[in-house]
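Please read the structure below before turning to the comments.
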Amino acid sequence: LVIFSLGILFILSILFIEFFIPLLVPKPFQRWTLGKALLWYPFVIVFVGGCQFLYKSYWAGWRDFTFLEFVFVLSRTLGIGFTVAFFVLGIWQYLNRNRLSMLTSKEVYDVMTSDGKVVQLSLNNILYIASSDNYVEVHIEENGDRHKLILRSSLKKIETQISNPLSPIIRCHRRYLININRFIISNESSRKMDLILENYEDSIPVSTKYIPQIKQRLTVRP
């Protein structure tokens with residue numbers, strides 16, 4: 001009965017912290033970013049572990065109400081959380097490999113250029129980024145209108161600020177970063193590949209070392 005009730009408490013505490021709190025205090029959750037997630041989910045683990053610890057201590061007559069026991073319960077909660085999270089994440093990736101990149105595609109990043117300027121870039125609006133000497137050309141589409149930003153920066157500097165394991169922006173060539181949600185394969189051989197920007201005719205080459213990664217993420221143009 002105690003173990004069963006602990007399972008119910010685990011579910012209820014997750015539902016409370018993940019759904020009720022954002023409804024009660026919506027402002028911090030309106031512009032969700034990867035940085036906020038890295039701060040939020042450790043707090044979720046501590047909250048859920050704390051609920052488990054208090055409930056378990058109550059059933060034990062508060063005999064185990066110690067810091068060491070709290071650490072033990074917290075580590076067990078963390079282990080269960082990671083196990084469930086990776087299991088769900090694995091199924092999610094298998095069913096739709098691009099779904100994770102869509103999570104961060106709506107994020108707005110503050111990007112600093114080499115001359116100290118800060119530019120806000122929405123990943124969802126970026127088509128691709130091309131290197132041009134000491135500058136980069138950021139090709140953007142917003143509300144159906146296409147335009148280009150020219151920033152004084154290296155491609156590597158931009159990449160380190162907007163590319164991460166969940167980002168749709170990936171490198172395909174030493175001169176190009178692309179939004180994988182915007183391109184399809186137009187030409188492919190064992191050592192060569194070209195990409196076409198959907199709804200446009202921009203052609204982007206793919207370096208040999210990036211071909212396997214691109215093939216897993218994109219489809220061939222009919």
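All heavy atoms count here, side chains included; hydrogens, waters and symmetry mates do not.
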side-chain contact (heavy atoms from CB on, under 4.5 Å) partner of Leu121, the single match among Val108, Ile140, Asp110: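 Per the side-chain contact (heavy atoms from CB on, under 4.5 Å) rule, the option paired with Leu121 is Ile140, out of Val108, Ile140, Asp110.
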Given Ile214, Ile178, Leu177, the one that forms side-chain contact (heavy atoms from CB on, under 4.5 Å) with Arg171: Leu177
With distance as the sole test, does [X] use its side chain to make a donor-acceptor pair with the main-chain N or O of [Y] at under 3.5 Å?
X: Asn179; Y: Asn181; answer: yes
X: Ser163; Y: Ile169; answer: yes
X: Ser132; Y: Val136; answer: no

Kindly give the heavy-atom pair with the smallest separation between [X] and [Y], and that separation in Å.
X: Leu74; Y: Gly49; value: CD1-CA, 4.1 Å
X: His147; Y: Glu142; value: CE1-OE1, 2.8 Å
X: Ile170; Y: Ser167; value: CG2-O, 4.3 Å
X: Arg182; Y: Leu197; value: O-CD1, 3.5 Å
X: Lys157; Y: Ser154; value: N-OG, 3.1 Å
X: Cys172; Y: Pro205; value: SG-O, 3.6 Å

Are [X] and [Y] joined in one hydrophobic group, where the rule is that I, L, V, M, F, W and Y side chains link up if heavy atoms are under 4.5 Å apart?
X: Ile150; Y: Leu155; result: no
X: Leu127; Y: Tyr210; result: yes
X: Tyr109; Y: Leu149; result: yes
X: Val44; Y: Leu24; result: yes
X: Met112; Y: Ile129; result: no

Run Ile162 and Ile126 through side-chain contact (heavy atoms from CB on, under 4.5 Å) and show every step you take. CA-CA 11 Å; Ile162 65 174; Ile126 296 175; 4.2 Å; yes
Qualifying residues under ring-ring contact (aromatic ring centres under 6.0 Å, His included), relative to Phe53, sequence neighbours excluded: Phe65, Phe70
Flag side-chain contact, heavy atom, 4.5 Å: [X] against [Y]:
X: Phe67; Y: Val71; answer: yes
X: Val206; Y: Asp194; answer: no
X: Ile184; Y: Leu195; answer: no
X: Ser203; Y: Ile196; answer: yes

Working note: Asn187 + Met193, criterion side-chain contact (heavy atoms from CB on, under 4.5 Å); need CA distance, chi angles, decisive distance, verdict. CA-CA 5 Å; Asn187 182 33; Met193 178 184 290; over 6 Å; no
What's the separation between atom [atom1] in [X] and atom [atom2] in [Y], rounded to the nearest 0.5 Å?
X: Ser153; Y: Lys117; atom1: OG; atom2: NZ; value: 12.5 Å
X: Asn199; Y: Glu141; atom1: CG; atom2: CD; value: 7.0 Å
X: Lys156; Y: Arg174; atom1: NZ; atom2: CZ; value: 14.5 Å
X: Ile211; Y: Ile185; atom1: CD1; atom2: CD1; value: 9.0 Å
X: His173; Y: Ser131; atom1: NE2; atom2: OG; value: 10.5 Å

Looking at Ile8, I want to see if its CD1 is surrounded by more than 12 non-hydrogen atoms of other residues, nucleotides or ligands under 6.0 Å.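 Correct, the count exceeds 12.
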Identify all side-chain donor-acceptor contacts of residues 11-21 below 3.5 Å with residues at least two apart in sequence or on another chain.
unit_1: Ser13; atom_1: OG; unit_2: Leu9; atom_2: O; d: 2.9
unit_1: Ser13; atom_1: OG; unit_2: Phe10; atom_2: O; d: 2.9

Taking atom types as modelled and ignoring hydrogens, do the side chains of Ser122 and Asn124 form a donor-acceptor contact shorter than 3.5 angstrom? no
Those residues that, when tested against Asp202, pass salt bridge (Lys or Arg N to Asp or Glu O under 4.0 Å) (two or more places apart):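 For Asp202 the salt bridge (Lys or Arg N to Asp or Glu O under 4.0 Å) partners, ignoring immediate neighbours, are Arg146.
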Hey, which of Phe183, Tyr128, Tyr200 is the one that makes ring pair (Phe, Tyr, Trp, His ring centres under 6.0 Å) with His139?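 When Phe183, Tyr128, Tyr200 are each tested with His139, the ring pair (Phe, Tyr, Trp, His ring centres under 6.0 Å) holds only for Tyr128.
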